[in-house]
Student: 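Handing you a structure now.
Treat the numbers as computed from the prediction; the structure is a model and nothing was measured.
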Amino acid sequence: DDDDDDDELHQNHDKHCSPLPFKEGYQSPHLFLHFDVNETILIGDPAGGDSVEECLNKIIAKSAFVSKKAVVVVDHGLNDAVSSTNNIEKNNDGNNVEALKRSPSSGNISDASSTHYLEPTHWWNGLPLHSTNNESDHDGETSIPPPPLYTGWTWPPQTCPYYRTNYKGFAKQFTNSSHGRMYRPLYEHLCLKLGLNRHQDTGEATTLEGEERDVFKNFLPAFFNALQHYFPSTSCSDSNSGNSNHSTSTTPSKNVPPPSQVTLVLRTFGTDLPRVAKCISEFAKGNHPSYPDYYNTDLILEESDLLCSGWTYLDKGNSGKKELIYELHPAANDSNKNTISGDEQVLNYLQSKSIVGIQDCYPFWRDQNHAPWAGKPVWARTTTADAACSRSQHNHHHILLDDNIHNDPNDGAGGIRIPNIDISDGNCTTTTMPKTPSYVSLHGNEALGMHGKHLIRVPTIRPLLEDDWFVRQIEEARWRLFVEEDERNQKSLNTSSGTLVLSNRNLSEDDFHQDTKLPLN
């Protein structure tokens with residue numbers, strides 16, 4: 001049945017993604033791939049105090065959904081614990097809709113209505129949390145298949161992740177707990193994918209080689225697959241750009257021409273950039289055991305290209321207002337290197353590089369209550385101002401892939417920066433357009449609207465299981481941006497000629513976010 005669903009999804013994708021005619025001289029944007037590190041491309045979070053085993057358990061718990069129809073609301077000194085059903089609210093049209101109460105994944109728990117106060121009794125498919133662990137076959141294995149995992153952008157009605165409930169404290173040992181033991185075979189499979197096994201005495205994950213000098217340890221195979229896809233090997237002996245076991249993208253990437261240039265930007269709040277830099281540089285030199293013939297010096301990351309970000313407020317003319325400026329500083333104490341200050345300078349710097357590492361400013365993000373705009377900014381290619389002042393626009397496409405991006409306007413790590421160009425009079429001329437435009441951060445739902453184009457949430461279980469997952473998501477983001485720009489440009493042309501013709505290419509969210517369920521039968 002799952003194969004039939006996949007066929008239907010691909011047919012639906014092909015129907016909407018028919019090849020488009022490209023104008024002569026069309027040049028694809030310079031592609032900037034911003035990869036978060038911990039729990040996106042690397043398992044194990046030393047900065048957060050999480051071992052590899054704990055991270056794998058958390059990853060599974062984040063995609064194991066429970067029902068909110070019948071729960072216990074935990075008493076935190078306010079009320080007695082009571083049985084409860086999910087709240088129902090009315091929308092502006094008067095229709096009953098579910099109130100998808102979320103709880104912050106990063107910050108403190110302060111909202112009494114958040115899902116962190118719930119103790120669910122059933123999984124999202126109706127199975128009780130406990131009964132699935134008590135019924136076993138003659139081999140001692142669970143006879144009832146575990147509920148499918150869910151990785152979609154929007155939570156299904158009256159559900160939430162196990163990780164976002166009052167049971168979050170069990171997440172680091174999820175597959176060893178009474179609730180999550182049925183997912184233990186999946187945990188074992190993930191260990192094999194990472195080249196790990198379990199120590200016979202402790203049950204903890206260890207490397208098969210057991211050598212600390214293994215620089216590729218705990219990195220996702222899907223990440224190396226994406227590197228060889230977007231940075232093809234320059235070695236003549238590497239005709240397949242990697243081991244034949246590592247498949248390339250199966251998405252219809254032929255519909256969008258290859259990027260004119262690609263830059264890899266590593267993003268982290270932690271201190272692991274030197275380790276990641278060494279890993280990628282060794283991969284670039286052909287030292288990865290699965291890619292022995294790969295070679296591309298564009299991915300050799302030097303210490304001079306490891307940077308720290310920061311934010312500063314500057315006076316904005318005589319208005320008395322403050323302008324928030326994003327800056328990059330050398331990670332090493334190098335007095336000979338200047339601070340890269342302001343979005344335009346940052347963009348110009350990134351454009352000149354093939355690979356960069358940025359340690360983002362965790363204290364600033366923390367002090368802003370982990371608001372997305374204050375996290376790891378990327379730059380949106382299209383805005384209303386850009387459309388009117390297209391010649392001021394960088395031909396860039398920035399994409400941030402991060403496990404800490406959420407369908408929540410107030411919680412997450414992915415921010416969006418856009419040029420702040422005043423075109424209130426409807427005109428954009430060389431006299432009114434600033435030579436160096438200021439930039440502002442998008443907030444709330446405006447920023448959420450960039451998901452699938454400039455922001456990609458990474459449910460880590462997906463790239464752990466699917467080596468081409470990163471490539472598929474990136475190609476779909478490139479396709480989505482191209483189609484939207486094409487439709488906008490066509491609409492602008494038709495409007496200026498006195499007619500308005502709407503495109504017949506109707507794009508739905510499902511066209512770009514098809515992977516949602518992981519059946520584990």
Side-chain angles (χ1 to χ4, degrees), residues 9 13 17 28-42 59 62-63 105-106 150-155 220 222-227 229-230 249-253 256 259 262-269 358 360 372-373 375-382 396-409 411-418 442 445-485 507-516 518:
L9 287 171
H13 188 281
C17 294
S28 288
H30 182 157
L31 180 63
F32 294 80
L33 299 177
H34 300 251
F35 273 94
D36 168 55
V37 175
N38 291 307
E39 287 196 36
T40 296
I41 63 172
L42 175 64
I59 287 165
K62 289 176 181 179
S63 293
S105 64
S106 310
Y150 181 80
T151 59
W153 174 243
T154 303
W155 294 356
L220 271 64
F223 177 58
F224 298 112
N225 184 65
L227 292 184
H229 182 94
Y230 290 103
S249 173
T250 58
T251 54
S253 58
V256 181
V262 184
T263 295
L264 177 65
V265 187
L266 303 164
R267 309 293 292 268
T268 181
F269 287 124
I358 298 176
D360 289 282
W373 68 267
K376 304 169 185 174
V378 293
W379 292 263
R381 171 172 164 76
T382 55
H396 293 176
H397 183 188
H398 292 260
I399 303 174
L400 173 65
L401 299 100
D402 197 317
D403 68 299
N404 202 5
I405 292 172
H406 309 293
N407 190 5
D408 184 333
D411 178 56
I416 297 291
R417 299 280 287 174
I418 61 170
L442 288 182
N445 291 327
E446 279 190 298
L448 288 183
M450 295 296 178
H451 185 258
K453 294 179 291 186
H454 295 284
L455 302 173
I456 295 178
R457 171 183 169 264
V458 179
T460 318
I461 191 74
R462 280 288 177 184
L464 270 169
L465 293 173
E466 304 164 27
D467 287 357
D468 67 343
W469 191 87
F470 286 135
V471 176
R472 295 204 320 266
Q473 302 308 306
I474 294 166
E475 288 304 297
E476 288 176 356
R478 295 182 62 232
W479 169 257
R480 185 173 199 174
L481 189 69
F482 169 76
V483 170
E484 290 194 359
E485 288 189 354
L507 303 177
S508 69
E509 191 74 8
D510 290 339
D511 293 326
F512 304 98
H513 304 285
Q514 301 166 355
D515 300 332
T516 54
L518 279 172

Student: Report the residues that fulfil side-chain contact (heavy atoms from CB on, under 4.5 Å) with P259, sequence neighbours left out, ordered by chain and then residue number.
Tutor: L31, V262, R478
Student: Could you check whether any side-chain heavy atom of I405 comes within less than 4.5 Å of a side-chain heavy atom of W153, counting everything from C-beta outward?
Tutor: yes
Student: Among all residues two or more places apart in sequence or in another chain, which pass the side chain to side chain donor-acceptor pair (under 3.5 Å) test with D36?
Tutor: T40, K376
Student: Rounded to the nearest 0.5 Å, what separation is found between the NE2 atom of H34 and the CG atom of L455?
Tutor: 10.5 Å
Student: Which pair of non-hydrogen atoms, one from V471 and one from A226, has the smallest distance, and what is that distance?
Tutor: CG2-CA, 3.8 Å
Student: Contact between L400 and R267 at the side-chain level, heavy atoms closer than 4.5 Å - yes or no?
Tutor: yes
Student: Flag the pair F269 / N38 as yes when at least one side-chain heavy-atom distance between them is below 4.5 Å, and no otherwise.
Tutor: no
Student: Among all residues two or more places apart in sequence or in another chain, which pass the ring-ring contact (aromatic ring centres under 6.0 Å, His included) test with Y230?
Tutor: none
Student: Counting C-beta onward and ignoring hydrogens, is there a side-chain heavy-atom pair between R472 and E466 closer than 4.5 Å?
Tutor: yes
Student: If we ignore hydrogens and angles and just use 3.5 Å, is the side chain of H454 paired with the main-chain N or O of V378 as donor and acceptor?
Tutor: no
Student: Please report the shortest heavy-atom distance between G375 and D360, naming the atom on each side.
Tutor: O-OD1, 4.2 Å
Student: Salt bridge or not between E484 and R480? Use side-chain N to carboxylate O under 4.0 Å.
Tutor: yes
Student: Please find out if less than 6.0 Å separates the ring center of H396 from that of W379.
Tutor: no
Student: For the OG1 atom of T460 and the CD1 atom of I59, what is their distance to the nearest 0.5 Å?
Tutor: 4.5 Å
Student: Return the set of residues passing side chain to side chain donor-acceptor pair (under 3.5 Å) with T268 (not counting sequence neighbours), or none when no residue passes.
Tutor: D272
Student: How long is the gap from CG on L33 to CD1 on I474, to the nearest 0.5 Å?
Tutor: 4.5 Å
Student: Are the side chains of L442 and P372 in touch, meaning some heavy atoms are under 4.5 Å apart?
Tutor: no
Student: How many angstroms lie between CD1 in I416 and NE2 in H398, if you round to the nearest 0.5 Å?
Tutor: 10.0 Å
Student: With a 4.5 Å limit on heavy-atom distance, are the side chains of E39 and K62 in contact?
Tutor: yes
Student: About how many Å separate CG of L264 and CZ of F223, when rounded to the nearest 0.5 Å?
Tutor: 5.5 Å
Student: Look up atom CZ in R462 and atom OG1 in T151, then write down how far apart they are to the nearest 0.5 Å.
Tutor: 4.0 Å
Student: Which pair of non-hydrogen atoms, one from P463 and one from P459, has the smallest distance, and what is that distance?
Tutor: CD-O, 3.2 Å
Student: If the test is side chain to side chain donor-acceptor pair (under 3.5 Å), which one of D408, N404, D403 qualifies with H406?
Tutor: N404
Student: Is any side-chain heavy atom of L220 closer than 4.5 Å to a side-chain heavy atom of L42?
Tutor: no
Student: For F470, check ring-ring contact (aromatic ring centres under 6.0 Å, His included) against everything at least two apart and list the hits.
Tutor: F35
Student: Using the ring of each side chain (for Trp, its six-membered ring), is H30 parallel, tilted or perpendicular to F32, with breaks at 30° and 60°?
Tutor: parallel
